[in-house]
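Please read the structure below before turning to the comments.
To find a chain, count down the sequence lines: A is the first, B the second, and so on, and within it residues start at 1.
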There are 2 protein chains.
Amino acid sequence: MNNRESLVNFILSVVKISKDDAEKIANTFHPIEFQEKDYLLRANEVSDDYLYLERGLMRTFLYNLEGEEITIDFFTEDNIVFEITSFFNRIRSEAYIQAITKCKGFRISYEELNTLFHTKPAFRDFGRAILVKEFIASQGRNYGMINRTAKERYQNLLSTKPQILQYAPLKCIASYLGVTDSTLSRLRKKM
Amino acid sequence: MNNRESLVNFILSVVKISKDDAEKIANTFHPIEFQEKDYLLRANEVSDDYLYLERGLMRTFLYNLEGEEITIDFFTEDNIVFEITSFFNRIRSEAYIQAITKCKGFRISYEELNTLFHTKPAFRDFGRAILVKEFIASQGRNYGMINRTAKERYQNLLSTKPQILQYAPLKCIASYLGVTDSTLSRLRKKM
DNA sequence: AAATCCACTTGACAAAAGGCAAGAAGTAAA
DNA sequence: TTTACTTCTTGCCTTTTGTCAAGTGGATTT
């Protein structure tokens, strides 16, 4: 069963359009599934996936100059997942996107997205709203990184995305929070 | 003289459209100027300015829970300036946008932007490209905050936006970099 | 000129976080 | 079961950054 009801509801929650429009948009998406540790995107590929994640947990990461793996972001269910730089600029990605748990969702390609963007006014508003939403989230994360201690950042993650702490290994969470494994381990103990 | 040549060139540098389209877009913008310390936006207002900053330096800031002023971002010339949350979601802003130096540029309102967005395909691509560009910049800043020391962050700012260090007071730069005034002062000395 | 204000610097000490290495605990493989 | 891995924890010590308070120097006001 490839029921797109969750995607329709997600679209309607993001932008004020008719249910009919939302269903038309949702129907252009293609179902896709991932096993634990599968990749949606690898470094050096040009991303061609704009994914609505219906269920599961993913993360994006890259390797820094010291060769260490840095988790940039986590994606939880009922969200859009994509690597904006590679997807929109059509350039090779530096980052990976990987499933942490089993995942399922619906995807469209860059070409499909662009066609929708220019032909369906409702999708234009949706696409823009997603960019705005993610941009705001990124700014918020920025603010949190600067103005909160590591402990507060951890507590914030705990209250906003508890799934992450449940499924993601400590080292991923640590690099996401900008601390070392040891420091995060100690923070946990103190709570 | 309200020559929009710089705006036309900026548009053409962001998106591949015809010069004619770029000029038509540029001509819908209205000239605007700011004196030092003038505000483009204050807290509790709904932002209605999408500004191309042709010349000058601006910053956006807000007050944290302790009542301290935190500089969130600097805007340099030849960039788009706006407070995305308030402007696109039509809600009251928590942030201020203020001119650090004398500034001049060209603006449009939310309504004007939306009209262009839905009637001019070239502007759709431009608008999306700006969101993508700013989003990527925000992600990059995020990465830098997490994976660089305060000293490296300062050096990076020094090499990418030297105007800021020249015109903005130390305390603005310090809160932007996520360190105290004292720490930034000490960092400077060591260089 | 004296007083005031502001931006910045500096010193002394405290707290937060990192580096490194060893060890515990769990999982998977042979 | 034993071995090998990986993940996570912990101790010891260093580095970075913060806090608080005092002090300097420049600009403005009276």
Worksheet entry | side-chain contact (heavy atoms from CB on, under 4.5 Å) evaluation trace for B/Y96 with B/R59 | CA-CA 8 Å; B/Y96 298 75; B/R59 70 175 181 128; over 6 Å; no

Worksheet item: For the residue pair A/Y52 and A/F106, does the interplanar ring angle fall in the parallel (under 30°), tilted (30 to 60°) or perpendicular (over 60°) class?
Response: parallel

Worksheet entry | Within residues 146-154 of chain B, residues whose heavy atoms come under 4.0 Å of DNA chain C | none

Response to the item:
Here the distance between atom P of D/dT15 and atom CZ of B/R186, to the nearest Å, is 17 Å

Item to complete: Look at the side-chain N and O atoms of A/K189 and state whether any lies under 4.0 Å from the OP1 or OP2 oxygen of D/dT10.
Response: yes

Fill in: Residues A/I80, A/F75; criterion side-chain contact (heavy atoms from CB on, under 4.5 Å); working and verdict
CA-CA 8 Å; A/I80 297 291; A/F75 303 103; over 6 Å; no

Item to complete: Determine, stepwise, if the pair A/D181 / A/K171 fulfils salt bridge (Lys or Arg N to Asp or Glu O under 4.0 Å).
Response: CA-CA 5 Å; A/D181 303 15; A/K171 65 170 181 177; over 6 Å; no

Worksheet item: Taking DNA chain C as the partner, which of residues 174-181 of chain A come within under 4.0 angstrom of it by heavy atom?
Response: A/G178, A/V179, A/T180

Worksheet item: Do the side chain of A/N3 and the main chain of A/E5 share a donor and acceptor less than 3.5 angstrom apart?
Response: yes

Practice prompt. May I ask you to list the residues of residues 158-170 of chain A, by number, that have any heavy atom positioned under 4.0 Å from an atom of DNA chain D?
Written response: A/P169, A/L170

Worksheet item: Under a criterion of less than 4.0 angstrom to any heavy atom of chain B, what are the 5'-terminal and 3'-terminal contacting nucleotides of DNA chain C?
Response: C/dC8 to C/dA12

Fill in: Within 45° cone of A/Y110 ring axis and under 6.0 Å: A/R90 NZ or CZ
yes

Worksheet item: Taking atom C1' of D/dT16 as reference, at what distance in whole Å does atom CG of B/L187 sit?
Response: 9 Å

Item to complete: Tell me, please, which residues at least two apart from B/T180 pass side-chain hydrogen bond (donor to acceptor under 3.5 Å, both in side chains).
Response: B/T183

Worksheet entry | Side-chain donor or acceptor of A/S86 paired with backbone N/O of A/S47 under 3.5 Å | yes

Practice prompt. Using the test ring pair (Phe, Tyr, Trp, His ring centres under 6.0 Å), find all partners of B/F135 that sit at least two apart in sequence or belong to another chain.
Written response: none

Item to complete: Indicate whether OP1 or OP2 belonging to D/dT9 is found under 4.0 Å from a side-chain N or O atom of A/S185.
Response: yes

Discussion item. On the side chain of A/R188, is there an atom forming a donor-acceptor pair with the base of D/dT7 - under 3.5 Å, no angle test?
Written reply: no

Worksheet item: Are A/F123 and A/F117 close enough that their ring centers fall under 6.0 Å?
Response: no

Item to complete: Check whether any side-chain N or O of B/D49 sits under 3.5 Å from a backbone N or O of B/L51 as a donor-acceptor pair, and report yes or no.
Response: no

Item to complete: Answer yes or no: is there a side-chain heavy-atom contact under 4.5 Å between B/I84 and B/L131?
Response: yes

Worksheet item: Using the ring of each side chain (for Trp, its six-membered ring), is A/Y50 parallel, tilted or perpendicular to A/F82, with breaks at 30° and 60°?
Response: tilted

